[in-house]
There are 2 protein chains.
Amino acid sequence: MAATTQQYTYPDRDEIRIEAVLAALADPVRLDMVRQLAEPGTEISCSGFAVAVTKSTLTHHLRTLREAGIIMGRQQGTARYNSLRRNDLDELFPGLLQGVLAARR
Amino acid sequence: MAATTQQYTYPDRDEIRIEAVLAALADPVRLDMVRQLAEPGTEISCSGFAVAVTKSTLTHHLRTLREAGIIMGRQQGTARYNSLRRNDLDELFPGLLQGVLAARR
DNA sequence: GTCGTTGTTCGATGGTTGTCGTAGTTCGAT
DNA sequence: ATCGAACTACGACAACCATCGAACAACGAC
């Protein structure tokens, strides 16, 4: 089973745990992906991320971010467009995302 | 070498990397230690932390937090008093600490 | 000096995870 | 219906890490 059209379950806002969020953001590749999603209104498909890993590794990182509650996906055709759950994160951990994104590269 | 009196080197403010900070905070034990240090002016010695791990494990966590730039230590007799580098963290990543500490336990 | 307290270091171990290649599935286009 | 594009799943492997026990070092107190 499971390909592009699969519908995922996302954690509710009150199911998001800070440990999972921090662990997800701690990886350099995933942090870079979040930076690319940071601009408001940004949606990036799986193949649209500028990262130096293979597709299977990228899928793994997307799942980690999704299960941590950091991103959401919108299905459109064969593509899945990912975006930041900024409202939820700002509500739960006010300032966290801002502080992380303020870090100099 | 190396016992209680050892003087450590701490990363300068501009050497603190966000990936290391996030990785250090992602561990439940270390996050709990940071919460215990969060009250302004708080200093906690190695044996003063309320954690469910052995001393050697606690030393490991303290080193991780220290090398990430999250805590500093003040030597006094045989005890080493640890405190948060709140000023440095707030300057580098404004809002991060606040957001992390806002998470419900 | 001797002892207890405080904290570190050194293996060892088991679990987690980041990475990849390969194979498979769904969809749209030709 | 056949092909390619987009993405996922599975198995494998290496690297990292949290944890512990045991031994060690420095200091203060008696």
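Note on naming: letters A, B, ... go to the chains in the order of the sequence lines (proteins, then strands), and numbering restarts at 1 for each one. Both backbone and side-chain heavy atoms feed into the values below; hydrogens, waters and symmetry mates do not.
If you measure from atom CD of A:Gln75 to atom P of D:dT8, you get 8 Å, rounded to the nearest angstrom. Here D:dA9 presents its P atom at 7 Å from CZ of A:Arg63, a figure rounded to the nearest Å. Look at OH on A:Tyr81: it is 13 Å from C1' on C:dC27, rounded to the nearest Å. For the pair A:Ile44 CD1 and D:dC7 P, the interatomic distance rounds to 12 Å; values are reported in whole Å. One interatomic measurement links the two molecules: CG of A:Leu65 to P of D:dC7, which rounds to 15 Å at whole-angstrom precision. The interatomic distance linking A:Tyr8 (OH) with D:dC7 (P) rounds to 11 Å, in whole Å. The interatomic distance linking A:Leu58 (CG) with D:dT8 (P) rounds to 8 Å, in whole Å. Atom-to-atom, NE2 of A:His60 to C1' of C:dT19 comes out at 8 Å; the value is rounded to the nearest Å.
Proximity of a side-chain donor or acceptor of B:Arg86 to a complementary backbone N or O of B:Ala38 within less than 3.5 Å is detected. Here the side chain of B:Asn82 pairs no donor or acceptor atom with the backbone of B:Gly73 at under 3.5 angstrom. Here the side chain of A:Arg30 pairs a donor or acceptor atom with the backbone of A:Ala24 at under 3.5 angstrom. Without hydrogens or angle criteria, B:Asp12 side chain to B:Asp14 main chain gives no donor-acceptor distance under 3.5 Å.
Using a 4.5 Å heavy-atom cutoff, the side chains of A:Leu101 and B:Phe93 are not in contact. Side-chain contact between A:Cys46 and A:Leu62: present, with at least one pair of heavy atoms (C-beta onward) separated by less than 4.5 Å. Annotation: side chain of B:Arg35 is in contact with side chain of B:Arg105 (closest heavy-atom distance under 4.5 Å).
Residues from residues 45-53 of chain A placing a heavy atom under 4.0 Å of any atom in DNA chain D, listed by number, are A:Ser45, A:Cys46, A:Ser47. Near DNA chain C, meaning a heavy atom under 4.0 Å from it, residues 15-26 of chain A has no residue at all.
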Inset, instruction - I would like to know whether B:Asp32 and B:Gln36 meet side chain to side chain contact (heavy atoms under 4.5 Å, CB included); could you show each step before the answer? - result: CA-CA 6 Å; B:Asp32 208 49; B:Gln36 295 177 38; 3.3 Å; yes
For residues 48-56 of chain B, dump all side-chain donor-acceptor pairs below 3.5 Å to protein atoms at least two apart in sequence or in another chain.
residue, atom, partner, partner atom, Å
B:Thr54, OG1, B:Ser56, OG, 3.3
B:Thr54, OG1, B:Thr57, OG1, 3.2

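At least one side-chain nitrogen or oxygen of B:Arg80 sits closer than 4.0 Å to the OP1 or OP2 atom of C:dT8. Side-chain nitrogen and oxygen atoms of A:Arg30 include at least one within less than 4.0 Å of the OP1 or OP2 phosphate oxygen of C:dG18. For B:His61 and D:dT19, the shortest distance from a side-chain N or O to OP1 or OP2 is below 4.0 Å.
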Can you check nucleotides 21-23 of chain C for protein contacts, nitrogen or oxygen pairs under 3.5 Å, and list what you find?
residue, atom, partner, partner atom, Å
C:dG21, N7, A:Ser56, OG, 3.4
C:dG21, O6, A:Ser56, OG, 3.2

Nucleotide N/O of nucleotides 1-4 of chain D paired with protein N/O under 3.5 Å:
none

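Listed nucleotides: C:dT19, C:dT8, D:dT8. Nearest to the side chain of A:Thr59: D:dT8.
Applying the salt bridge (charged side-chain N to carboxylate O under 4.0 Å, His left out) test to B:Arg104 and every residue at least two apart in sequence or in another chain returns nothing.
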